[in-house]
*Asks:* 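Dropping a structure here in structure tokens format, bear with me for questions.
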Amino acid sequence: MGTGSGEQLDRSGTRGTDTATEAFVVHRNLLFTLAYEILGSATDAEDVLQETWLRWVGVDLDAVLNQRAYLIQIATRQALKRLRTLGRRKESYVGPWLPEPLLTTPDVAEDVELADSVSMAMLLVLETLGPTERAVFVLREVFELPYDDIAAAVGKSAVAVRQIASRARSHVSARRPRGIGSPTEHRAALEAFQRAVETGELQSLLDVLAPDVVALSDGGGVRHALLRPVVGIAGVARLLAAGWWKRDADRSVELVQINGSPGLLVRVDGKIDGVVAVRVDNGYVTGAYHVRNPDKLSHLDQETPVSR
């Protein structure tokens, strides 16, 4: 009798774990995307997934009415905790801090809103929001959660969340790309970068730069990179002419999908050396982002699925 009861409990526990695992796997890509958009770091987003799983597996699933909403609530809370820690790390970061780039699948570009939300340009805009504002914006504008669900996730009232969402929306709207560039425009700009790297011919690149273009480079204090932004065509032209791209090694440049848009994957002696992404406003490059910090290049050896 005792043995039979033990076997029943064991089978019940196994079924509960299987159900929890199935639900988590179904929503895993969504949860990663959520955490990544809140944090701008794929490595930290993976850690948030692990923390979310550890809490999810202990939940009484019979009491959960909406598994997606509950998982998002757990992941948001963990991401906010991690974001505050990440903020302290950024305070001592050497040079400009750029989001950790992702190699994404071509189909991400088909969901225009998703592609925009994970773009390097948008992630940099989100960096100008406070932690709660950022989480609320992502949950509402990208994942379209009801205000009550967002309130539960961030520990605020629904009325407060509506006000936060409105402020965040206005803030982002004033700073997001104007006349978001099409994939064709992004590709044309990056092909000009590619020619500059491979041949040293700069004119076609200068022709697509906006007068107020900003170049940012992130080496994390480990790799050679710009320690401050370079602003304007003249400054960027001097930077390129001085050899921003060193051609003293076996360097190859490949056009790939980075964060939902065309980007450049740079290899030196066969090893990934960095990524270049651009922000395009009304057909011109207004931002050029070069990530070389080796700690931020770990998600470029294979495609990372994102969803919402």
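Index from 1, following the sequence. Only a predicted model underlies this, so the values are computations on that prediction, with no experimental measurement involved.
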*Asks:* CZ of Arg175 to OG of Ser170: how many Å apart, nearest 0.5 Å?
*Replies:* 10.0 Å

*Asks:* Can you name the side-chain hydrogen bond (donor to acceptor under 3.5 Å, both in side chains) partners of Glu141, sequence neighbours left out?
*Replies:* Arg169

*Asks:* I'd like to know whether Val118 forms a side chain to side chain contact (heavy atoms under 4.5 Å, CB included) with Leu102, so could you lay out the CA-CA distance, the side-chain angles of the two residues, the decisive distance to 0.1 Å, and finally the verdict.
*Replies:* CA-CA 9 Å; Val118 299; Leu102 299 177; 5.8 Å; no

*Asks:* Is there a chain of hydrophobic side chains (I, L, V, M, F, W, Y, each step under 4.5 Å between heavy atoms) that links Ile38 to Ile74?
*Replies:* yes

*Asks:* So, for Ala192 and Leu205, which heavy atoms are closest and what is the spacing to 0.1 Å?
*Replies:* CB-CA, 3.7 Å

*Asks:* Any side-chain heavy atom of Leu190 sitting closer than 4.5 Å to one from Gln194?
*Replies:* no

*Asks:* Could you tell me which residues satisfy salt bridge (charged side-chain N to carboxylate O under 4.0 Å, His left out) with Arg77, sequence neighbours excluded, listed by chain and number?
*Replies:* none

*Asks:* Does the side chain of Pro99 come within less than 4.5 Å of Leu124's, by heavy atoms?
*Replies:* yes

*Asks:* Any pair with a residue in residues 299-308 that passes side chain to side chain donor-acceptor pair (under 3.5 Å), sequence neighbours left out, goes on the list, sorted by first then second residue, please.
*Replies:* Glu100-His299, Asp111-Arg308, Glu113-Arg308

*Asks:* Side chains of residues 207-214: which donor-acceptor partners sit under 3.5 Å, not counting sequence neighbours?
*Replies:*
unit_1: Asp207; atom_1: OD1; unit_2: Gln203; atom_2: NE2; d: 2.8

*Asks:* May I have the step-by-step check of side-chain hydrogen bond (donor to acceptor under 3.5 Å, both in side chains) for Asp281 and Thr286, ending in yes or no?
*Replies:* CA-CA 6 Å; Asp281 293 63; Thr286 57; 2.6 Å; yes

*Asks:* Is there side-chain contact between Asp273 and Arg267, with heavy atoms separated by less than 4.5 Å?
*Replies:* no

*Asks:* Flag yes if Leu31 and Val57 sit in one hydrophobic cluster, no otherwise; membership is Ile, Leu, Val, Met, Phe, Trp, Tyr, and two members link when side-chain heavy atoms are under 4.5 Å apart.
*Replies:* yes

*Asks:* Mind checking whether Val125 and Tyr284 sit in one hydrophobic cluster, side chains of I, L, V, M, F, W, Y counted as touching below 4.5 Å?
*Replies:* no

*Asks:* Taking atom CZ of Arg84 and atom OG1 of Thr132, what is their separation to the nearest 0.5 Å?
*Replies:* 5.0 Å

*Asks:* In sequence, state the C-alpha distance, the side-chain angles, and the governing distance for Thr43 and Ser298, and then conclude on side chain to side chain contact (heavy atoms under 4.5 Å, CB included).
*Replies:* CA-CA 8 Å; Thr43 302; Ser298 62; 4.0 Å; yes

*Asks:* Report the C-alpha separation of Phe143 and Leu34 in whole Å, then their side-chain angles, then the decisive distance to 0.1 Å, and conclude whether the side chain to side chain contact (heavy atoms under 4.5 Å, CB included) test is met.
*Replies:* CA-CA 8 Å; Phe143 293 92; Leu34 166 68; 3.8 Å; yes

*Asks:* If you round to the nearest 0.5 Å, how far is CZ of Arg238 from CD1 of Ile233?
*Replies:* 12.0 Å

*Asks:* Just so I know, are the side chains of Leu264 and Leu255 near enough to count as touching, which here means a heavy-atom distance under 4.5 Å?
*Replies:* yes

*Asks:* Please find the pair of heavy atoms, one from Pro96 and one from Ser217, that lie closest to each other, and give the distance.
*Replies:* CD-O, 3.6 Å

*Asks:* Quick one: CZ on Phe32 to CG on Leu49, what's the gap to the nearest 0.5 Å?
*Replies:* 7.0 Å

*Asks:* Are Leu129 and Val136 close enough that some pair of their side-chain heavy atoms sits under 4.5 Å apart?
*Replies:* no

*Asks:* Under 3.5 Å, which donor-acceptor pairs link side chains of residues 86-95 to any protein atom two or more places apart or in another chain?
*Replies:*
unit_1: Arg88; atom_1: NH2; unit_2: Thr85; atom_2: OG1; d: 3.4
unit_1: Arg89; atom_1: NH2; unit_2: Asp44; atom_2: OD2; d: 3.0
unit_1: Lys90; atom_1: NZ; unit_2: Glu127; atom_2: OE1; d: 2.6
unit_1: Lys90; atom_1: NZ; unit_2: Glu127; atom_2: OE2; d: 3.0
unit_1: Ser92; atom_1: OG; unit_2: Arg89; atom_2: O; d: 3.3
unit_1: Tyr93; atom_1: OH; unit_2: Asp218; atom_2: OD1; d: 2.5
unit_1: Tyr93; atom_1: OH; unit_2: Asp218; atom_2: OD2; d: 3.2
unit_1: Tyr93; atom_1: OH; unit_2: Asn293; atom_2: ND2; d: 2.8
unit_1: Tyr93; atom_1: OH; unit_2: Lys296; atom_2: NZ; d: 3.4

*Asks:* Do Leu216 and Met120 belong to the same hydrophobic cluster, where Ile, Leu, Val, Met, Phe, Trp and Tyr are linked whenever their side-chain heavy atoms lie under 4.5 Å apart, directly or via other members?
*Replies:* yes

*Asks:* Side-chain contact test, heavy atoms from C-beta onward, threshold under 4.5 Å: evaluate it for Arg82 versus Leu39 and give yes or no.
*Replies:* yes

*Asks:* With sequence neighbours left out, write down each residue that passes ring pair (Phe, Tyr, Trp, His ring centres under 6.0 Å) with Phe24, or none if nothing qualifies.
*Replies:* Trp53

*Asks:* If you define the side chain from C-beta out and look only at heavy atoms, does anything of Thr33 sit under 4.5 Å from Leu114?
*Replies:* yes

*Asks:* State, yes or no, whether a side-chain contact exists between Leu30 and Ile72 at a heavy-atom distance under 4.5 Å.
*Replies:* yes

*Asks:* Could you state the interatomic distance from NE2 (His186) to CD (Glu191), rounded to the nearest 0.5 Å?
*Replies:* 13.0 Å

*Asks:* Output, in order, the C-alpha distance, side-chain angles, deciding distance and verdict of side-chain hydrogen bond (donor to acceptor under 3.5 Å, both in side chains) for His171 and Arg167.
*Replies:* CA-CA 6 Å; His171 182 95; Arg167 289 197 305 269; over 6 Å; no

*Asks:* Show your reasoning for whether side chain to side chain contact (heavy atoms under 4.5 Å, CB included) applies to Tyr289 and Val278.
*Replies:* CA-CA 6 Å; Tyr289 314 121; Val278 295; 5.9 Å; no

*Asks:* Enumerate donor-acceptor pairs with a distance under 3.5 Å from any side-chain N or O in residues 58-71 to protein atoms, sequence neighbours excluded.
*Replies:*
unit_1: Asp60; atom_1: OD1; unit_2: Asp62; atom_2: N; d: 3.2
unit_1: Asn66; atom_1: OD1; unit_2: Arg68; atom_2: N; d: 3.1
unit_1: Asn66; atom_1: OD1; unit_2: Ala69; atom_2: N; d: 2.9

*Asks:* Mind checking side-chain hydrogen bond (donor to acceptor under 3.5 Å, both in side chains) for Gln78 and listing every partner two or more places apart, or none if nothing turns up?
*Replies:* none

*Asks:* Apart from Val112 itself, which Ile, Leu, Val, Met, Phe, Trp or Tyr residues share its cluster (side-chain heavy atoms under 4.5 Å, direct or through members)?
*Replies:* none

*Asks:* How would you list all residue pairs meeting salt bridge (charged side-chain N to carboxylate O under 4.0 Å, His left out) that involve residues 22-40, not counting sequence neighbours?
*Replies:* Arg28-Glu46

*Asks:* Please determine whether residues Leu83 and Trp97 belong to a single hydrophobic cluster, defined as Ile, Leu, Val, Met, Phe, Trp and Tyr linked transitively by side-chain heavy-atom distances below 4.5 Å.
*Replies:* no

*Asks:* Using every non-hydrogen atom in the two residues, find where Leu300 and Pro101 come nearest and quote the distance to one decimal.
*Replies:* CD2-O, 3.9 Å

*Asks:* Which atoms form the tightest heavy-atom contact between Met122 and Ser117, and what is the distance?
*Replies:* CG-O, 3.8 Å

*Asks:* With rounding to the nearest 0.5 angstrom, report the OG to CD1 distance, Ser119 to Ile258.
*Replies:* 12.5 Å

*Asks:* Is there a donor-acceptor pair closer than 3.5 Å between any side-chain N or O of Gln73 and the backbone N or O of Thr76?
*Replies:* no

*Asks:* Return the set of residues passing side-chain hydrogen bond (donor to acceptor under 3.5 Å, both in side chains) with Gln163 (not counting sequence neighbours), or none when no residue passes.
*Replies:* none

*Asks:* Identify each donor-acceptor pair in which a side-chain atom of residues 147-157 lies under 3.5 Å from a protein atom, sequence neighbours left out, and give them as a table.
*Replies:*
unit_1: Tyr147; atom_1: OH; unit_2: Arg140; atom_2: NE; d: 3.4
unit_1: Ser157; atom_1: OG; unit_2: Ala160; atom_2: N; d: 3.1

*Asks:* Considering non-hydrogen atoms only, spot the tightest contact between Ala75 and Val48 and give its length.
*Replies:* O-CG1, 3.7 Å

*Asks:* Shortest non-hydrogen contact from Gly260 to Ala115?
*Replies:* O-CB, 3.8 Å

